[in-house]
Amino acid sequence: MSPIITLDAARWEAPLAPAAAAAATRDLEAGNVLFLPQLKFALAAEEQRFLSPQWLARGAKNVSYDPRSSTLAHTSADGADREQLSAMIARYASHAQQLILNLCPHYGQHLKYGLTSFRPVETRGRETSRKKDDTRLHVDAFASRPNQGLRILRVFSNINPRNEPRVWEIGEPFDAMAGKFAARVPPQVPGSAWLLEKLGITKGRRSAYDHVMLNLHDKAKLDDGYQQATPRTHFEFPAQTTWLVFTDRVMHAALAGQFLLEQTFYLPVAAMQDERYAPLRILEQIYRRRLA
Ligand SMILES: O=C(O)CCC(=O)C(=O)O
Ligand SMILES: [Fe+2]
């Protein structure tokens, strides 16, 4: 069965009927990508100029925005340019939040904003280490931001002006991947989580869950044999479309594409419609102990 489920929503602010929302939430939690081919993020005429890598700060890969503090980072824009770029990304953040609240009304106030990113660089051929290489299949886990089991839900919109798709691959189900790599995760060194926090390397304490998720992320990306042989679904998200996915559960890789907006959200496991789908719960089954 394809892990891509298409919904025909064409507006950011249109609520779904309760049964349709419950079904969308279940599909999302169960590890599918919800694809909204009719939902585009429209740029105003004067915003078209932002479709260029020139607005990136030197050495940065994405422009980032924090909707909680309304701060823009990693950009070279200043003055009026900076204000307009910031307003464009802020509008995306609020549309993305509205979209999730329509599709998953159940999440309500439990849904918390993470960062927003604007990705103006072509993904194909970008140089990075294998661990940072998002063209390799992985689940998301953030090395410097431990999240103690919180879910990572991301909304993506392809805003490419030349009609070029964002090319993804979706890998095998989380349980299958975790079944292969869990036994290769080394024990967390006692005191290391405390030390990483103390040194400012992590924002907050790295839990056993964070330790395992980071290892799954790294071990899968570094395993060339796995990357070559694991089954996958190739999918091209056309320009002017939107999709959302729990990226801590769904194995994904971005092979090509330029100009993307992305909004990250965090959701407590207890706020899910069915928490058995959470990586935290699946990993606790595998290891037979509490991880967060
Ligand atoms: O840039 C993309 O299309 C997705 C990259 C990725 O792996 C992610 O955002 O989690
Ligand atoms: Fe990712």
Side-chain angles (χ1 to χ4, degrees), residues 3-4 28 31-37 39-41 51 53 56 60-65 74 89 92-93 96 100 113-145 147 150-160 162 164-174 177-178 181 210 213-223 226-227 230 232-267 279:
I4 317 269
L28 194 60
N32 298 288
V33 177
L34 294 188
F35 171 45
L36 296 92
L39 188 62
K40 73 180 242 179
F41 182 71
L51 296 173
L56 270 182
K61 151 174 143 181
N62 305 321
V63 175
S64 76
Y65 177 76
H74 306 129
I89 302 177
Y92 185 71
I100 297 191
Y113 265 134
L115 297 180
T116 323
S117 68
F118 170 47
R119 309 181 179 183
V121 179
E122 171 58 52
T123 296
R124 191 198 307 261
R126 197 168 53 189
E127 266 190 41
T128 45
S129 67
R130 282 194 300 169
K131 260 195 208 178
K132 288 194 179 148
D133 184 356
D134 285 343
T135 69
R136 292 173 165 257
L137 286 159
H138 65 282
V139 284
D140 287 347
F142 305 135
S144 60
R145 292 169 190 264
N147 74 20
L150 287 179
R151 303 301 315 276
I152 303 171
L153 177 54
R154 295 183 134 176
V155 181
F156 299 91
S157 294
N158 181 356
I159 56 170
N160 185 286
R162 296 182 302 261
E164 294 162 353
R166 192 109 187 151
V167 181
W168 271 34
E169 287 176 346
I170 308 294
E172 65 181 343
F174 184 87
M177 180 277 295
F181 292 103
D210 293 298
M213 289 295 287
L214 265 178
N215 271 276
L216 295 179
H217 169 275
D218 294 355
K219 295 233 162 357
K221 273 190 178 172
L222 296 175
D223 188 329
Y226 177 77
Q227 289 291 331
T230 189
R232 70 201 69 205
T233 302
H234 181 96
F235 195 82
E236 306 201 349
F237 297 99
Q240 317 307 334
T241 68
T242 295
W243 60 103
L244 56 157
V245 52
F246 277 106
T247 53
D248 56 355
R249 173 180 166 114
V250 176
M251 291 291 282
H252 61 284
L255 303 190
Q258 186 178 11
F259 304 117
L260 183 81
L261 280 162
E262 170 270 328
Q263 177 65 52
T264 300
F265 293 95
Y266 296 105
L267 184 78

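Both ligands and their constituent atoms are indexed starting at 1 by order of listing.
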Quick one: does Glu262's side chain have a donor or acceptor within less than 3.5 Å of a partner on Thr264's backbone?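 A pair under 3.5 Å: yes.
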
May I ask you to decide if Arg145's main-chain N or O and Asp210's side chain share a donor-acceptor pair within less than 3.5 Å?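 Judged by distance alone, no pair lies under 3.5 Å.
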
Anything protein N/O/S under 2.8 Å from the Fe ion (ligand 2)? Just list residue and atom, please.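 Listed by chain and number, the nearby protein N, O or S atoms are His138 NE2, Asp140 OD1, His252 NE2.
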
Less than 4.0 Å between a side-chain N and a carboxylate O, is that true for Arg130 and Asp218?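 Arg130 and Asp218: not salt-bridged.
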
Taking side chain to side chain donor-acceptor pair (under 3.5 Å) as the test, write out the residues that go with Asn215, two or more places apart.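 Side chain to side chain donor-acceptor pair (under 3.5 Å) list for Asn215, sorted by chain: Lys219.
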
For Thr128, what residues pass the side-chain contact (heavy atoms from CB on, under 4.5 Å) criterion, not counting sequence neighbours?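 With neighbours one apart ignored, the set is Lys132, Asp133.
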
Roughly how far apart are [X] [atom1] and [Y] [atom2], rounded to 0.5 Å?
X: Phe142; Y: His217; atom1: CZ; atom2: NE2; answer: 9.0 Å
X: Thr241; Y: Asn160; atom1: OG1; atom2: CG; answer: 10.5 Å
X: Leu260; Y: Tyr92; atom1: CG; atom2: OH; answer: 7.0 Å

If you count only heavy atoms, which residues are under 4.0 Å from ligand 1?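 Heavy-atom contacts below 4.0 Å: Arg119, Asp134, His138, Asp140, Arg154, Phe156, Arg166, Trp168, His252, Ala254, Leu260.
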
Least distance between heavy atoms, Thr135 atom then Ala253 atom: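 It is O-CB, 3.5 Å.
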
